Amino acid sequence: MLEALLPEALLPEVIRQNLPFLLAGLAMTVRLAAIGIVGGTLLGLLVGVIRYARVPVLSPLAALYVEIVRGTPLLVVLFICYFAIPALLGYRTSAVNAAALGFVLFIAAYLAEDVRSGLRSVPPGLARAGLATGLSTVQVFRLIVLPQALRRIIPPVFSQYVRLFKFTSVASVIGVRELTGSALLVNAREFQPVVILATVALTYLVLCSTLSLVGRLLYARLSVRT
Amino acid sequence: MSETPLIVLDRVCKQYGTTPVLRDCSLTVARGEIVVVCGPSGSGKSTLIKCINGLEPYQSGSVRFDGEEVGARTTDLPRLRSRIGMVFQSFELYPHMTALRNVMLAQVHALKRPRAEARARSLDLLARVGLADRAEAYPADLSGGQQQRVAIARALALDPIAMLFDEPTSALDPEMINEVLDVMTGLARDGMTMVVVTHEMGFARKVANRVVFMDEGRIVEDRPSEAFFGAPVTERARVFLSKIIAH
Ligand SMILES: Nc1ncnc2c1ncn2[C@@H]1O[C@H](COP(=O)(O)OP(=O)(O)O)[C@@H](O)[C@H]1O
Ligand SMILES: [Mg+2]
């Protein structure tokens, strides 16, 4: 499917010859990023809202999770998900699943902070006005605070998405054949590092730029009126 | 029942940490009465009126609205608040909604009015505050005076039996003050019970039945408005009035 999008004739020889293999790697990169973005966003929203709402017990736990993850290198998080957690809980996992879990846990901690500060940035007077009209706390949150916060957090959230997209390359270290891992394998056989790595870098650049363009368009659309 | 005063504050005390903000404040507002609250900045006026709809908790004393104890655990605050309209100094319109949706929101979600009915009622109210043609405008595209009139319509949309105003004209450019005061005067004429924190002494003289003067968390004067403007009893109120009027 991806092949159809590429003007194959324009590609360097070594890329063209290894195209199916590299495209499979790219598909894995996109898949990992998509899982990380969707899962991380859901978890990040949950954790961010819990931190914002100052729920007893849950909020301190959420804060602890955020602190631990943000103080741990991504590679270590992936190792923990690949080796430590399965050993601890007694299950088997694949490198791909471990990487997906690691990306979700990792990016959610950063997204949670963006969600929390976005929620806190909504002027408290708006919530007070909502309460004064007889809306419940939950209605005020859902109808007034959250929509205001969401438009404010789109830019930082999309920059986390872009970070995550590039971070998927770290999964190659635990043996996942995503774009970078596949490219390294091709290079081991062909030894054309300049062409191969330039192609890989350009691919990341194009996809990341597209992702941040989507973020900017969404932001522009939502903030016409704020 | 309708003989009882609508709002009764009895020796209400509140402090932030160790700083007292309200000290033994007692105030009674009868149905249909217009009470203006004035006093220097930081004297506790906003805190006092927010106690009436339970937006501010207090440590001791009692606040009753229509016979119901506001601070009681069993009080259904959302229901109680939907019977009291409140208007804020800085309007507090929801910026992501049009004027119409601002006015509709609580009708639909708090009163559970059918949308069509809420919409019709909102358009009526926007017309009443002179904004029939601005229903689809967003707050950012309205002037301060227009925003405050939308906020008044939003409060009226719940068919409240009392209205609280916290310095509704203080954030407005001078040329917009009257359009808001006119709407408020109209409400007063229609018999609405109102507690108004304001320094608009012209409005107080013309519309208020009583003037309450606060200083350092205390209600130091509470008298019919002619008497208050005729000759304030306390030195503090005299000084305050002369400053307000001079300026
Ligand atoms: N959240 C708060 N924390 C601590 N002090 C507060 C808070 N809100 C108000 N105050 C203090 O309470 C006093 C009364 O405030 P307020 O009711 O807003 O006065 P006014 O409306 O008359 O200007 C002021 O001294 C103010 O500094
Ligand atoms: Mg005030």
Side-chain angles (χ1 to χ4, degrees), chain A residues 41 44-45 48-49 52-56 59 111 114-158 214-226, chain B residues 46 49-50 52-56 76-99 101-113 136-142 147 150-160 162-166 171:
Chain A
T41 302
L45 267 174
V49 170
Y52 165 78
R54 299 205 171 98
V55 190
S59 290
L111 290 172
D114 292 332
V115 169
R116 185 181 71 113
S117 61
L119 290 169
R120 291 239 184 280
S121 75
V122 177
L126 291 179
R128 216 175 294 128
L131 288 175
T133 56
L135 295 173
S136 69
T137 318
V138 173
Q139 287 174 325
V140 165
F141 181 78
R142 185 167 58 82
L143 300 167
I144 300 167
V145 178
L146 192 59
Q148 287 291 304
L150 285 182
R151 64 196 61 202
R152 279 163 218 244
I153 62 179
I154 284 172
V157 160
F158 268 81
V214 170
R216 280 201 301 278
L217 291 176
L218 197 60
Y219 182 67
R221 229 191 111 96
L222 283 179
S223 44
V224 180
R225 296 298 176 182
T226 37
Chain B
S46 300
I49 68 164
K50 283 189 275 180
I52 297 172
N53 63 356
L55 282 181
E56 285 279 359
D76 179 355
L77 271 182
R79 212 197 95 261
L80 182 130
R81 286 173 181 149
S82 70
R83 305 172 66 211
I84 309 174
M86 185 157 194
V87 174
F88 302 86
Q89 179 172 352
S90 42
F91 328 131
E92 310 296 2
L93 293 183
Y94 316 130
H96 58 302
M97 296 181 190
T98 60
R101 293 241 294 127
N102 265 274
V103 181
M104 284 176 66
L105 189 74
Q107 297 181 66
V108 172
H109 294 277
L111 297 188
K112 311 285 181 209
R113 252 181 215 159
E136 294 302 330
Y138 282 83
D141 299 327
L142 296 172
Q147 289 188 57
V150 173
I152 293 174
R154 177 176 69 182
L156 291 173
L158 300 150
D159 301 318
M163 288 283 289
L164 309 174
F165 292 85
D166 190 0

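A quick note: this is a predicted structure, and the numbers were derived from the prediction, not measured. Reckoned from all heavy atoms, side chains included, excluding hydrogens, waters and symmetry mates. Throughout, protein chains are lettered first and strands after them, A, B, ... in sequence-line order, and every chain is numbered starting at 1.
- Partners of B:S90 by side-chain hydrogen bond (donor to acceptor under 3.5 Å, both in side chains), not counting sequence neighbours, listed by chain and number: B:E92.
- Heavy-atom neighbours of B:R101 CZ from other residues, nucleotides or ligands within 6.0 Å: at or below the threshold of 12.
- Rounding to the nearest 0.5 Å places NE2 of B:H96 at 11.0 Å from CG of A:L222.
- Heavy-atom minimum distance, B:M97 versus A:L143: CE-O, 3.6 Å.
- For B:L93, the part lying under 4.5 angstrom from a heavy atom of chain A is the backbone only.
- Residue contact with chain A, scored on non-hydrogen atoms closer than 4.5 Å, involves the side chain of B:L55 exclusively.
- Residues B:H109 and A:Q139 approach most closely at O-NE2, 2.8 Å, considering heavy atoms.
- Residues of residues 125-134 of chain A that come closer than 4.5 Å to chain B, counting heavy atoms only, are A:G125, A:L126, A:R128, A:A129, A:G130, A:L131, A:A132, A:T133, A:G134, ordered by residue number.
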